[in-house]
2 protein chains.
Amino acid sequence: MTTTRPDTDEVLATAPTADTLPTDVAQIAPEHPTPGTLDAGALHAALLGRWAESRHRVRELIRDPRLHRDPLLGMDEHRERVLGQLRILVEEGTVHRAFPAEFGGADDHGGNVAAFADLVFADPSLQIKAGVQWGLFSSAILHLGTEEHHRAWLPGAMDLSVPGAFAMTEIGHGSDVSSIATTATYDPDTQEFVIHTPFKAAWKDYLGNAALHGRAATVFAQLITGGVNHGVHCFYVPIRDEEGRFLPGVGGEDDGLKGGLNGIDNGRLHFTQVRVPRTNLLNRYGDVAADGTYSSPIASPGRRFFTMLGTLVQGRVSLAQSATGASFLGLHGAIAYAEQRRQFTATDDEREELLLDYQNHQRRLIDRLARTYADQFSANELLEKFDHVFSGADATDEDRQELETLAAAIKPLTTWHALDTLQECREATGGMGFMARNRLTQMRADLDIYVTFEGDNNVLLQLVGKRLLTDYSREFGRLNVGAVSRYVAAEAADALQRVGLHKAVQSVQDRGDERRSANWFKDPEVQRSLLEDRVRTRVADIADTLSGVRGKARAEQAAAFNTRQHELIEVARQHGELLQWEAFTRAVEGLGEGQTRTVLTWLRDLFALRLIEEDLGWLVAHGRVSSQRARSLRGYVNRLAERLRPFALELTQAYGLRPEHLRMEIATDAERVRQDEAAAHCAALRASGEAPVEEKVLRDRQKAARR
Amino acid sequence: MTTTRPDTDEVLATAPTADTLPTDVAQIAPEHPTPGTLDAGALHAALLGRWAESRHRVRELIRDPRLHRDPLLGMDEHRERVLGQLRILVEEGTVHRAFPAEFGGADDHGGNVAAFADLVFADPSLQIKAGVQWGLFSSAILHLGTEEHHRAWLPGAMDLSVPGAFAMTEIGHGSDVSSIATTATYDPDTQEFVIHTPFKAAWKDYLGNAALHGRAATVFAQLITGGVNHGVHCFYVPIRDEEGRFLPGVGGEDDGLKGGLNGIDNGRLHFTQVRVPRTNLLNRYGDVAADGTYSSPIASPGRRFFTMLGTLVQGRVSLAQSATGASFLGLHGAIAYAEQRRQFTATDDEREELLLDYQNHQRRLIDRLARTYADQFSANELLEKFDHVFSGADATDEDRQELETLAAAIKPLTTWHALDTLQECREATGGMGFMARNRLTQMRADLDIYVTFEGDNNVLLQLVGKRLLTDYSREFGRLNVGAVSRYVAAEAADALQRVGLHKAVQSVQDRGDERRSANWFKDPEVQRSLLEDRVRTRVADIADTLSGVRGKARAEQAAAFNTRQHELIEVARQHGELLQWEAFTRAVEGLGEGQTRTVLTWLRDLFALRLIEEDLGWLVAHGRVSSQRARSLRGYVNRLAERLRPFALELTQAYGLRPEHLRMEIATDAERVRQDEAAAHCAALRASGEAPVEEKVLRDRQKAARR
């Protein structure tokens, strides 16, 4: 096993060549690109982003079968296997990049997350258990602790001699961390904190490493000293002895079998008056002196809380990458299969049709490929932002807030899309896709929890929505409501005029001219305006509702907010989609002029137009798209998918997954071999003159003879 | 274990009572229904339909833990357990209703399917393995064989002494059954058929009972006699001896682990010149005389093929019922949990908010509840149609075709909705929903394959679409294209006028009056017109495209068809939704006037308006809904969901699942107990005067003191 950087050419050796692609491509005008002419290296580089080297290294490492999931293992064996795999990662030195150089790390936050995320191809359980150990448990020590803590606990956490649990979530409080009920009460007489679980709902739950392997935990609890609750802080708490027995006062339960990720020993923990030294408080953002005096560099309890939690954003950043990788994995299998599998005869040709030549199949897979590209480009920008903030001497508070918002928008979109894509790929490959050997169902089952852990997707989007409202009110805070509405209306009208959105005009111009409609839709300024305007207008409208109850009782305000909650979450999603469109467009612009850029532009257009198609009711009802243009949209989207069809496999393969990453029969040429064998058999039978005649053909012949 | 009919009151003992429902219901005008006042018995009867007795009996039976899934079993143990469970079903006499009285059955097709479908609550593997044995293998003998076959093979198939595989699907051909490649060539010298697998793609695959337990198989193969291929016929073929060893010429493989349904031993079979007596041809629709002469009561090979396959429609009919049951199961858990679980404090109230009081949560769960009701009512109508055709002295060819089309429309909608609902329920219950003990993930994994087996959902919808086109062209066959378009346009305009859809009129009438819009949307005639018209107009438009290539080369026709395939499948779905709306409306009308009917009407409206909302782009762009009305729709849908919120649990519980069917922690009161314990602890702490003060509160006090 080598950890040196593999040659990029070697990594790209699986990229498509002309002879692996279908020759019966759809008709394309001569000046258009043809399959096999895309610049696979440029696409690969664009997809893998700034930390491609880091990814290549880990992708090379996980070709090792010892790191692969064995689907036949039961829960207990799977858990032990994954623990062993974590030890291999330590041996290979692949998991310490984010840590300080003095502890053997490289202070490389972006590269660390990029590499960590790609572990998903080996086994999502391996990825997430590694995430628990180094992304959460060790990171809490690193980011919430200070030098003494680093020296005391980082080495054991990093080399896995102390497997650790990250004990934040409780049975009673998941999304609302500030309301957790575990207490850490300072006792000045002994200079200890007393960690205590007051009731069942305060049991820590769903913690990786808690059921079996954990020796210590970073426990989040309400810090109480001198009768004052200073809010949630984090404590380093040993939980098991060397023989794996719970320490006095510590107890727990095994969560047992889950819907997926069964290689991780999730469990519950509770504490009964467990005493730890005062210095076990990870005290970077809040400390208690020997006499019990509390101090913090951050005066506001609210800001302090969010700063502490903010150090944990890397989970969301990495899930966006992993989820998108899983989407690529699924599409690689389903598109490779659809390029071989034939079903039903539509023409007089002897051979049946390839699945990918069916329009419906194109819409199912290529639409999702477009979105997967958008996911990847936006996840890359999120990763860059994360690296900037975490390695950043010059990162500002605003950068941190932007990072939070970006992560809260992109993590939901990418993780939901992965589930949707894996499911569609499963269905598009039929019974074959349901077989465990094709990995789609297990990958989907493992990633299921990604949409609610590290921040429930709906709760995260609501955060984004609130941020949009805050930004909006900052901009218009001093204007009265009517003025704001008028301003937005006027501005929107301006924007509409600018890009020719205005309804009356366009209706006249477009009447009966579908090509003009298509040209309009593919104008990036039109796409941007539509995607921006729908967010802006809705935010303004919701803000309007809320300003109507400004100064009213809290219950009344909450009720008013609740009447718009569903739409606010939708608008947050749309804001995320706008960010994705922008990232996609920047990626397109980063490519040199040429065929590859042309094809990627089509893919960006397909992404944009699908978004517009999904929201067409609003866009037409609000005069942003004329009825005439709306009616032409579906045809244009269909033609875009058809135009992209010959490039679908190349575009998927450009992500660079090798056979050891894929490990799916549908991604091999097994189906083509079977098809060829069947075709050869039929041809030989016909040539032999012994092929039976079809009853219907015989009847037709007999009828003809009787005439 | 009793198999007598349980008292309906007993079954309904789990129905909600006023004190299990929240008291903080949304404001409702006095004349409106209040929670706890719904007629649970009437709802239950409407949901369970004509064969409620049959369902009650099997629901009573499967309270027995011996029939439940044990989630901890590995694949091998699970397979053996399910085989044992099938034997229990035989002992209890619950699986033979559909068979003739002379073999111990009751000739009761509807009751049989209703009971069979409800086995899903015990374990979907049990349901589907029972389906393989009695719904497919035994049914093929019954429906495709004749008296001699019934006497010879039905007893062993029925009492499970001969477990059997239904060997239709091949690796190379799933949806396109007519193209399977296994051959059955008649040898007049020995009066035998020679069953043969010519190449790998012709291996039978995904067959339940094939990997381990099957002793015989009903094998579908191309019947060849005298050099003529008479198309697909079914043969009874022994495959294993008493010790479970393959008979000479028979071979196979185990499909191994799957994405779900791992209690079933799916596998592959292949045949190398396997000889069976001439009389092993199940010869109801086609026979071969000793001298090799072929005869059939159905002259057309195409019609003969579809008649044979048509006897197997009951799989689709039962899946629609099972899938809808699974949707109810998921919603029961998620809604019961959302009535207990609290998260985030929105008001000054000490207690956090119930999840179901959040608008977004209402939209996530109650929208799906409305659709689940629509699924159930439409699945019940499908079942009635099925029973009519199968027990029917008076069933016509048209009845059979309608049954096929109805099944092809309803099976896709219900099975997809079950996956969507189970997933949303999983997410809506967070980490709790991911635990195997809450069953949501396993149920979803098991039902995953329902969307592609017994007919791939997309292929089935395409069949529906083609039927719509056929019906359309029958109606307008002699008119030229232009005339058809004009006719449809004129008719549509008539319809629009009739229900006040016309755009210009409504824009003027509605301006600024949201209530008038809402009244319009809740008019059933408006709902029907919108749902009907969108189907009719699109079908006419697609027919237009196709008539443009009438008489052209087959390839050109296929290409033209392919340009509309995606929309045709969508319109088929919409046709299914229209049928569901009609079934829902008939069910509402079947209730007596009163509160229950009022609430069910709201639910029907919610179902309809969600469909309209999803398709709003088309409806506005085609002038069916005015922009003004479109803009008011979301608010109205939100208010409908809010109005239904107090009844959500009652509506879910009316389906009648008992604790032994649910077996989910989230469906118990565990969360409420934890919440109450936590609340009591906090109250006691406050009363003691020893509760710590919040840092923020302290600071505010200090600030105030300094002033």
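Naming: A, B, ... by sequence-line order, numbering from 1 per chain.
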Practice item. Please answer whether the main-chain N or O of Asp357(A) pairs with a side-chain N or O of Asn562(B) as donor and acceptor at a distance below 3.5 Å. Key: yes
Exercise for review: Tell me, for Tyr206(B) versus chain A, whether the close heavy atoms (under 4.5 Å) come from the side chain, the backbone, both or neither.
Suggested key: side chain
Exercise for review: Using a 4.5 Å cut-off on heavy atoms from C-beta on, say whether the side chain of Pro692(A) contacts that of Ile224(B).
Suggested key: yes
Exercise for review: Tell me, for Met432(B) versus chain A, whether the close heavy atoms (under 4.5 Å) come from the side chain, the backbone, both or neither.
Suggested key: both
Review point. If you tally heavy-atom pairs under 4.5 Å against chain A, which of Ala678(B), Ala201(B), Gly433(B) wins?
Key: Ala678(B)
Review point. Quick one: do the Glu427(B) and Asn458(A) side chains pair a donor with an acceptor below 3.5 Å?
Key: no
Review point. For the atom pair NZ (Lys200(B)) and NE2 (His681(A)), what is the distance rounded to the nearest 0.5 Å?
Key: 16.0 Å
Exercise for review: Output the option from Arg699(B), Glu613(B), Glu614(B), Gln557(B) having the highest count of non-hydrogen pairs under 4.5 Å with chain A.
Suggested key: Arg699(B)
**Study point:** Spacing of Asp676(B) atom CG and Phe199(A) atom CZ [to the nearest 0.5 Å]
**Key:** 11.5 Å
Review point. Which residue out of Glu671(B), Arg437(B), Lys696(B), Gln343(B) racks up the most heavy-atom pairs below 4.5 Å with chain A?
Key: Gln343(B)
Study note, to complete from the structure: Among Ile569(A), Asp448(A), Asp255(A), the residue with the most heavy-atom pairs under 4.5 Å to chain B is Asp448(A)
Point to revise | Atom group of Val459(B) that falls short of 4.5 Å from chain A, counting heavy atoms | key: side chain
Exercise for review: With sequence neighbours excluded, tell me which residues meet side-chain hydrogen bond (donor to acceptor under 3.5 Å, both in side chains) with Lys258(B).
Suggested key: Asn266(B)
Check your understanding: Taking it one step at a time, do Arg364(B) and His566(A) satisfy side-chain hydrogen bond (donor to acceptor under 3.5 Å, both in side chains)?
Key -> CA-CA 9 Å; Arg364(B) 292 168 72 186; His566(A) 187 248; over 6 Å; no
Check your understanding: Rounded to the nearest 0.5 Å, what separation is found between the CD atom of Gln362(A) and the CD atom of Gln565(B)?
Key -> 9.0 Å
Check your understanding: How long is the gap from CG on Leu698(B) to OH on Tyr294(A), to the nearest 0.5 Å?
Key -> 12.5 Å
Check your understanding: Would you find a donor on one side and an acceptor on the other, under 3.5 Å apart, between the side chain of Arg444(B) and the backbone of Ala445(A)?
Key -> no
Exercise for review: Would you kindly say whether Thr452(B) and Arg426(A) are connected by a side-chain donor-acceptor distance under 3.5 Å?
Suggested key: yes
Study note, to complete from the structure: Rounded to the nearest 0.5 angstrom, the CZ-CH2 distance for Arg634(A) and Trp618(B) is 10.5 Å
Point to revise | Max heavy-atom pair count under 4.5 Å with chain B, selected residue of Gly231(A), Ala299(A), Ala559(A), Ala680(A) | key: Ala299(A)
Study note, to complete from the structure: Output for pair (Thr441(A) OG1, Leu257(B) CG), nearest 0.5 Å, gives 7.5 Å
Exercise for review: Show your reasoning for whether salt bridge (charged side-chain N to carboxylate O under 4.0 Å, His left out) applies to Glu695(B) and Arg304(A).
Suggested key: CA-CA 12 Å; Glu695(B) 179 185 329; Arg304(A) 190 190 310 142; 2.7 Å; yes
Review point. What part of Ile171(B) gets closer than 4.5 Å to chain A, counting heavy atoms only: side chain, backbone, both or neither?
Key: both
Point to revise | Donor-acceptor pair, side chain of Arg631(A) and main chain of His622(B), under 3.5 angstrom | key: no
Review point. Quick one: of Gly74(B), Gly260(B), Ser178(B), Gly256(B), who has the most non-hydrogen atom pairs under 4.5 Å with chain A?
Key: Gly260(B)
Exercise for review: Run the salt-bridge test on Arg363(B) and Glu567(A) with the 4.0 Å N-O cut-off and return the result as yes or no.
Suggested key: no
**Study point:** Which residues share a salt bridge (charged side-chain N to carboxylate O under 4.0 Å, His left out) with Glu556(B), sequence neighbours left out
**Key:** Lys552(B)
Check your understanding: Using a cut-off of under 4.5 Å for heavy-atom pairs, which of Leu72(A), Thr183(A), Leu616(A), Asn360(A) has the most such pairs with chain B?
Key -> Asn360(A)
Practice item. Check each atom of Trp203(B) against the heavy atoms of chain A and say whether the ones under 4.5 Å are side chain, backbone, both or neither. Key: neither
Practice item. Heavy atoms only: give me the nearest Gln423(A)-Leu419(B) pair and the separation to one decimal. Key: NE2-CD1, 3.5 Å
Review point. Is there a side-chain contact between Asn638(A) and Thr563(B) (heavy atoms, below 4.5 Å)?
Key: no
Practice item. Determine yes or no for a side-chain-to-main-chain donor-acceptor pair under 3.5 angstrom, with Glu694(B) supplying the side chain and Asn229(A) the backbone. Key: no
**Study point:** Option that, when pairs with chain A are counted at under 4.5 Å, heavy atom only, ranks first among Ala181(B), Ala630(B), Pro301(B)
**Key:** Pro301(B)
Exercise for review: Output the option from Ser179(A), Ser175(A), Pro71(A) having the highest count of non-hydrogen pairs under 4.5 Å with chain B.
Suggested key: Ser175(A)
Check your understanding: Out of Arg564(A), Gln462(A), Gln442(A), which one racks up the most heavy-atom pairs below 4.5 Å with chain B?
Key -> Arg564(A)
Study note, to complete from the structure: Max heavy-atom pairs within cutoff under 4.5 Å with chain A, candidates Arg439(B), His361(B), Arg341(B), goes to Arg341(B)
Review point. So what's closer than 4.5 Å to chain A heavy atoms on Asp456(B): side chain, backbone, both or neither?
Key: side chain
**Study point:** Contact class of Gln222(A) relative to chain B, heavy atoms under 4.5 angstrom
**Key:** neither
Exercise for review: List the atom of Ile449(A), the atom of Gly431(B), and the distance in Å for their closest heavy-atom pair.
Suggested key: CD1-CA, 4.3 Å
